[in-house]
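Chain identifiers are assigned alphabetically (A, B, ...) following the order of the sequence lines, protein sequences preceding nucleic acid strands; residue numbering begins at 1 within each chain.
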Protein chains: 2
Amino acid sequence: MATTPDLLASDQVSLAVSTVIFALRPHPTTGSTTLWLPLVRRIREPYEGLWALPGGPLEPDEDLAASARHTLERTTGLTPGYLEQLYSFGAVDRSPADRVVSIVYWALVRPDEDARATDGENVEWVVADEVEGLAFDHDAILGYALDRLRAKITYSPIAFAFLTPEFTLADLRAVHEAVLGRPLDPANFRRQVLASGTVVPTGSHLTGTSHRPPALYRRAGHLEENR
Amino acid sequence: MATTPDLLASDQVSLAVSTVIFALRPHPTTGSTTLWLPLVRRIREPYEGLWALPGGPLEPDEDLAASARHTLERTTGLTPGYLEQLYSFGAVDRSPADRVVSIVYWALVRPDEDARATDGENVEWVVADEVEGLAFDHDAILGYALDRLRAKITYSPIAFAFLTPEFTLADLRAVHEAVLGRPLDPANFRRQVLASGTVVPTGSHLTGTSHRPPALYRRAGHLEENR
DNA sequence: ACAAAAGTGTTCGACCTACACCCATGG
DNA sequence: CCATGGGTGTAGGTCGAACACTTTTGT
């Protein structure tokens with residue numbers, strides 16, 4: 001039924017792993033902290049010159065998550081605080097001429113890590129909500145990743161991946177607000193977090209704040225559930 | 001670092017699509033309706049003779065979901081009432097000797113369809129919760145699929161995929177009870193379903209039941225969100 | 001004293017659970 | 001008239017949203 005000219009009989013379907021890498025940074029104009037991600041400029045056809053999600057072909061001797069981590073390392077020099085498989089995209093026409101199935105991961109990097117980021121050649125960080133015109137189906141993939149992140153932060157303790165080991169509840173709230181893009185009630189947020197048991201007070205307080213010194217906390221299950 | 005003998009330089013990583021196909025049937029001993037799925041006996045190494053999830057290599061001219069549907073058709077002759085991507089599995093050692101990445105889908109089939117099921121050669125239906133000793137990492141995959149199904153039925157209207165177009169609320173509740181494996185309060189279940197707006201009364205009632213005739217319903221958004 | 005954020009208390013409504021109770025049919 | 005499930009009512013508990021209010025620091 002479908003016409004399939006088999007040039008390259010050996011490698012008809014190729015497999016790539018791409019990664020959506022999120023970090024929190026201040027917005028260039030408004031200054032409020034928002035989601036950023038690194039993109040890579042394509043230096044080959046198809047879509048030469050356009051921006052795309054970082055990724056690469058799956059090597060025979062590496063696991064899927066390992067491949068995502070290597071991509072992260074290669075493009076930013078960073079290690080993820082959180083890494084999870086997002087979805088696999090395999091529409092026949094998602095790449096012109098050849099057939100590529102992409103297994104996509106999403107990662108969160110912590111600000112202390114992020115500060116050390118070394119942008120590789122042809123790498124540029126951009127504000128996640130303002131991205132458009134990416135190569136392939138990467139606009140849709142990014143949208144999907146944003147949806148997943150925003151959904152998951154409401155029921156899963158992934159916000160810690162955006163924080164240093166010690167933090168105030170205001171810091172944690174700021175992460176939620178930045179991701180969701182709307183303010184949260186400090187009083188209710190506090191109670192919910194404390195009731196969830198995901199957080200433990202260190203005993204010390206943060207000083208030098210021009211107001212009442214907030215207590216410092218550490219995450220409860222610091223067992224690195226997911227790297 | 002890793003030693004990779006490159007015999008077969010062309011096709012080092014191969015891509016397969018497998019499908020976990022669920023149907024509801026009466027349990028062979030207890031008689032209560034439970035989850036079943038079809039397995040395929042492997043006729044080649046590796047794992048020759050063992051049972052495995054139905055699947056096959058991804059063809060260059062078919063989408064991922066289409067591949068899953070074809071597998072379903074080939075092994076059971078059925079069409080899914082629901083089909084969704086589950087996860088992609090790609091550990092380096094999940095298949096001995098060769099490297100296979102499997103993109104796994106899960107499907108639900110309706111009883112009226114199920115009745116027409118024509119088991120292919122080397123195909124056998126088994127009770128989902130009693131499966132063990134499958135080939136590859138398929139035990140883990142099945143467990144993952146069961147978790148997802150049981151989680152998703154609590155917040156998503158997928159139970160309809162196990163029902164004919166017209167049904168009573170008792171039918172719908174029976175599906176939930178079979179999947180979750182525990183009884184639900186009829187009164188509360190009724191209110192929740194009606195409040196969810198996923199269901200519309202047809203006006204007619206089911207007769208011949210030796211008790212008060214229950215109202216018949218149809219699903220509200222019969223727009224085939226997902227096949 | 002004042003601003004500003006930390007932290008506590010309280011009220012309201014939505015919703016879930018358990019369970020009592022009435023309704024309509026076949027036998 | 002009785003058994004059986006359909007269907008309604010209701011009281012108690014949990015939880016989140018909204019918001020008033022007190023506390024503790026720096027300036």
Side-chain angles (χ1 to χ4, degrees), chain A residues 26 31-33 150-157 159 163-164 166-220, chain B residues 26 31-33 150-157 159 163-164 166-220:
Chain A
S32 57
T33 74
R150 291 185 169 129
K152 189 143 192 172
I153 204 173
T154 65
Y155 65 87
S156 184
L163 292 173
T164 50
E166 296 209 350
F167 50 85
T168 67
L169 293 185
D171 293 335
L172 183 59
R173 180 164 49 87
V175 170
H176 279 81
E177 291 178 335
V179 170
L180 297 176
R182 70 181 150 89
L184 299 174
D185 185 304
N188 295 329
F189 181 83
R190 169 188 201 75
R191 266 185 296 259
Q192 287 165 18
V193 170
L194 293 179
S196 75
T198 54
V199 118
V200 171
T202 64
S204 45
H205 289 251
L206 182 65
T207 55
T209 51
S210 103
H211 60 273
R212 178 170 172 176
L216 286 170
Y217 293 84
R218 216 180 300 253
R219 65 174 306 185
Chain B
S32 56
T33 74
R150 290 183 169 130
K152 190 143 190 171
I153 203 172
T154 65
Y155 66 87
S156 184
L163 291 174
T164 51
E166 295 209 349
F167 50 85
T168 67
L169 293 184
D171 293 334
L172 183 58
R173 180 165 48 86
V175 170
H176 279 81
E177 290 177 339
V179 170
L180 296 175
R182 70 184 150 89
L184 300 173
D185 184 306
N188 296 330
F189 181 83
R190 167 188 203 75
R191 266 185 296 258
Q192 287 164 17
V193 170
L194 293 181
S196 75
T198 55
V199 118
V200 171
T202 65
S204 46
H205 290 249
L206 183 65
T207 55
T209 50
S210 101
H211 58 275
R212 178 170 173 176
L216 287 170
Y217 292 84
R218 216 182 299 254
R219 65 174 306 187

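- For the pair B:L206 CG and D:dT4 P, the interatomic distance rounds to 19 Å; values are reported in whole Å.
- Within the 4.5 Å cutoff, side-chain heavy atoms of A:H176 are placed close to those of A:L172.
- Rounded to an integer number of Å, the gap from B:H205 NE2 to C:dC23 P is 16 Å.
- For the pair A:D185 CG and C:dG7 P, the interatomic distance rounds to 15 Å; values are reported in whole Å.
- In this structure, the side chains of A:T164 and A:D171 stay at 4.5 Å or more apart for every pair of heavy atoms.
- Across all non-hydrogen atoms, the minimal contact from A:S196 to A:T198 is OG-OG1, 2.9 Å.
- The side chain of B:R191 approaches D:dT10 more closely than any other nucleotide in the set D:dT10, D:dT23, D:dG7.
- Backbone-only contact: A:A170 has heavy atoms under 4.0 Å from sugar-phosphate atoms and none from a base.
- Within the 4.0 Å cut-off from OP1 or OP2 of D:dT8, at least one side-chain nitrogen or oxygen of B:R190 is found.
- Nearest heavy-atom pair across B:P213 and B:L206 is CB-O, 3.1 Å.
- The residue among A:P213 and B:P214 whose nearest nucleotide of DNA chain D lies closer to the 5′ end is B:P214.
- As a whole-Å value, the separation of A:R173 CZ from D:dA17 P is 14 Å.
- Taking side-chain N and O atoms only, B:R212 has no distance below 4.0 Å to OP1 or OP2 of C:dC22.
- D:dG5 atom C1' lies 13 Å from atom CG of B:D171, rounded to whole Å.
- In this structure, B:T202 contributes its side chain and B:L216 its backbone to a donor-acceptor pair below 3.5 Å.
- Atom CG in B:L172 sits roughly 15 Å away from atom C1' in D:dG6 (whole-Å rounding).
- Between the CG atom of B:L184 and the P atom of D:dG7 there is a distance of 17 Å, given to the nearest Å.
- The side chain of A:N188 has D:dA18 as its nearest neighbour among D:dA18, C:dT17, D:dG6.
- Closest to the side chain of B:H211, from the set D:dT25, C:dA24, D:dG9, is C:dA24.
- With rounding to whole Å, B:L216 atom CG is found 15 Å from D:dG7 atom C1'.
- The residue among A:Q192 and B:L169 whose nearest nucleotide of DNA chain D lies closer to the 5′ end is B:L169.
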